[in-house]
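A note on names: the letters A, B, ... follow the listed sequences, proteins ahead of strands, and every chain is numbered from 1.
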2 protein chains.
Amino acid sequence: MAVKKNKRREAARQSLREEILAASRAIIAEEGFDALTMRRLAERIGYSPATLYLHFKNRDEIAQAVGRIGYADLYRALSAAVADAAATPAQRTRSLAHAYVRFGLENPQTYALIFMEDPAYIKAVFQSPQGQSSQAVAEEKDPATAAYEILIGNAAGLIATGLIPFSVESPARPATPTEIAESFWASLHGIVSLKLTCPGFPSAPAELLTDLYLETLLRGPSSGVSSTKVGKRAK
Amino acid sequence: MAVKKNKRREAARQSLREEILAASRAIIAEEGFDALTMRRLAERIGYSPATLYLHFKNRDEIAQAVGRIGYADLYRALSAAVADAAATPAQRTRSLAHAYVRFGLENPQTYALIFMEDPAYIKAVFQSPQGQSSQAVAEEKDPATAAYEILIGNAAGLIATGLIPFSVESPARPATPTEIAESFWASLHGIVSLKLTCPGFPSAPAELLTDLYLETLLRGPSSGVSSTKVGKRAK
DNA sequence: AGTATAAACTGAACAGTGTTTAGTGAACAT
DNA sequence: ATGTTCACTAAACACTGTTCAGTTTATACT
């Protein structure tokens, strides 16, 4: 009996925890991360502010947990984009890029939270010694890492096609899948980030910027009319 | 005399205003934007918090003014990078890209302020009807616009070389200098932004990512081994 | 059943935050 | 010397995240 009762408590705890996270997500989606105050959150779930601290160490830990969910959403979106087994690496890359940008623009508050406003979660993931990360993070596979691996896999596929034979550093060596994936990520993140921080600044639509980048990336090896070598830094 | 005395007052006002901005910049550079509180700022310049409101409407306006200075710094950095008249467009592009990324990494707090934390200023600039912007912004040429124009000019130079014959949309048309400049900006911003929000995430150094992007951008027209046309969206 | 224990929960407080306002004091103009 | 204008501030207001003593509720044991 003792165990069963404990389970009931445990279930209630878990249930409230998820209620807190759901309410947090709702507030963030509706009014942005800044509107997520402890008192508002507490009122929304019908508890006192102090109760929140029985389930989370502080506001940052709540943001971190919400961020994790956001990463899981992102992972799902990217995963679906590369699911087509019949697609070529280039097609997959296009699909992936548009899926990424679309996710950012359709979930602005979530995207801003996980990449711009409060990088606590991504920090915990990528700065932790090695998967050792804090308990809240380690259960199941980390969705940020999973999303990252999708990009790396895609980069590896691209390299195999010979479409992007980029070399870096001196002495020159081929770029690794990780490096290409990170470059890819950075470019897409730049598009989303600029669009979100100032709707209207990049006057060109995000889709056009994405297509432009993809054309740059996927246009195939050079015909030899290149300007100068890249190795030595200009100026 | 009346005029002279007024001038003296005016000078004192201006002097205090600049003192406020200098102190703000110092606090932001030392401890980040969040550490810029009205009370701390007031204490630093030896006045009461309420005095700040005699020179600025609110904290946001201070951030906006500091942001403007940050943009001026950025403009100077970019301007210097493209100053060499003997450089080819490709060389200028490389120089520009590295100058941009270096500025972001060497002035993380400033960069975060003007592009990530408080986009009030850039919003005021790019969302205002047309140069009509608020009084504090309009005096002199806006540095953000000036920096923007450097990028556009550079993009136009690149196009002229035939190095980047990208077309977009359907029916296909050549990309404009503005579109290429914005794409360029977005990619570089992505590199800086990712590096700043999570030092250690893009495991590749920013310089390598910059070089990788530049090689992508400047490798010259395709040899025809392209994969598929870009126009139709994959999936 | 009643009682002891443990867990859940809260009201009130603390030290912060941005901002406003009434009121003081000093510099100026006449 | 007087009247006016400007610079300035102390104190308050409504917030914020967070902590803690104390109360209520639910489980466990006899």
Inset, instruction - Select base, sugar-phosphate, or nothing to describe what A:L36 touches, counting heavy atoms under 4.0 Å on all strands. - result: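 Here A:L36 touches the backbone only, sparing every base.
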Inset, instruction - Answer with base, sugar-phosphate or nothing: what part of the nucleic acid does A:I62 contact at a heavy-atom distance below 4.0 Å? - result: nothing
Distance check: side-chain N/O of [X] vs OP1/OP2 of [N], anything under 4.0 Å?
{"X": "A:S48", "N": "C:dG11", "answer": "no"}
{"X": "B:T51", "N": "D:dT9", "answer": "yes"}
{"X": "B:R13", "N": "D:dA7", "answer": "yes"}

So if I take every side-chain heavy atom of [X] and compare against [options], which nucleotide ends up nearest?
{"X": "A:R59", "options": "D:dG17, C:dC9, D:dC8", "value": "D:dG17"}
{"X": "B:A50", "options": "C:dG18, C:dC9, D:dT9", "value": "D:dT9"}
{"X": "B:Y47", "options": "C:dT10, D:dT9, D:dT27", "value": "D:dT9"}
{"X": "B:Y53", "options": "D:dC8, D:dT18, C:dT20", "value": "C:dT20"}
{"X": "A:L54", "options": "D:dT27, C:dC9, D:dC8", "value": "C:dC9"}

Inset, instruction - Would you kindly check whether a donor in the side chain of B:R39 faces an acceptor in the base of C:dG16, or vice versa, at under 3.5 angstrom? - result: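 Checked by distance alone, the answer is no.
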Rounded to the nearest Å, what distance is computed from the [atom1] atom of residue [X] to the [atom2] atom of nucleotide [N]?
{"X": "B:I45", "N": "D:dC8", "atom1": "CD1", "atom2": "C1'", "result": "11 Å"}
{"X": "B:N58", "N": "D:dC15", "atom1": "CG", "atom2": "P", "result": "18 Å"}
{"X": "A:L52", "N": "D:dC20", "atom1": "CG", "atom2": "P", "result": "17 Å"}
{"X": "B:E31", "N": "C:dT17", "atom1": "CD", "atom2": "P", "result": "12 Å"}
{"X": "B:L41", "N": "C:dT17", "atom1": "CG", "atom2": "P", "result": "12 Å"}
{"X": "B:D34", "N": "C:dG18", "atom1": "CG", "atom2": "P", "result": "10 Å"}
{"X": "A:R9", "N": "D:dT27", "atom1": "CZ", "atom2": "P", "result": "6 Å"}
{"X": "B:M38", "N": "D:dA10", "atom1": "CE", "atom2": "P", "result": "16 Å"}

Inset, instruction - Could you tell me whether A:E31 atom CD has more than 12 heavy atoms of other residues or ligands within 6.0 Å of it? - result: yes
Legend entry - From B:E106, B:E117, B:H189, B:K195, residue fulfilling side-chain hydrogen bond (donor to acceptor under 3.5 Å, both in side chains) relative to B:Y111: B:H189
Inset, instruction - For the pair B:R44 and B:E30, find out whether any cationic side-chain nitrogen is under 4.0 Å from an anionic carboxylate oxygen. - result: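 Yes, charged N to carboxylate O under 4.0 Å.
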Inset, instruction - Would you confirm whether the ring centroid of A:F115 sits within less than 6.0 angstrom of the ring centroid of A:Y121? - result: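 Here the rings of A:F115 and A:Y121 have centres that are no less than 6.0 Å from each other.
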Legend entry - Geometric class of the B:F201/A:W185 ring pair [parallel <30°, tilted 30-60°, perpendicular >60°]: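 A:W185 and B:F201: perpendicular rings.
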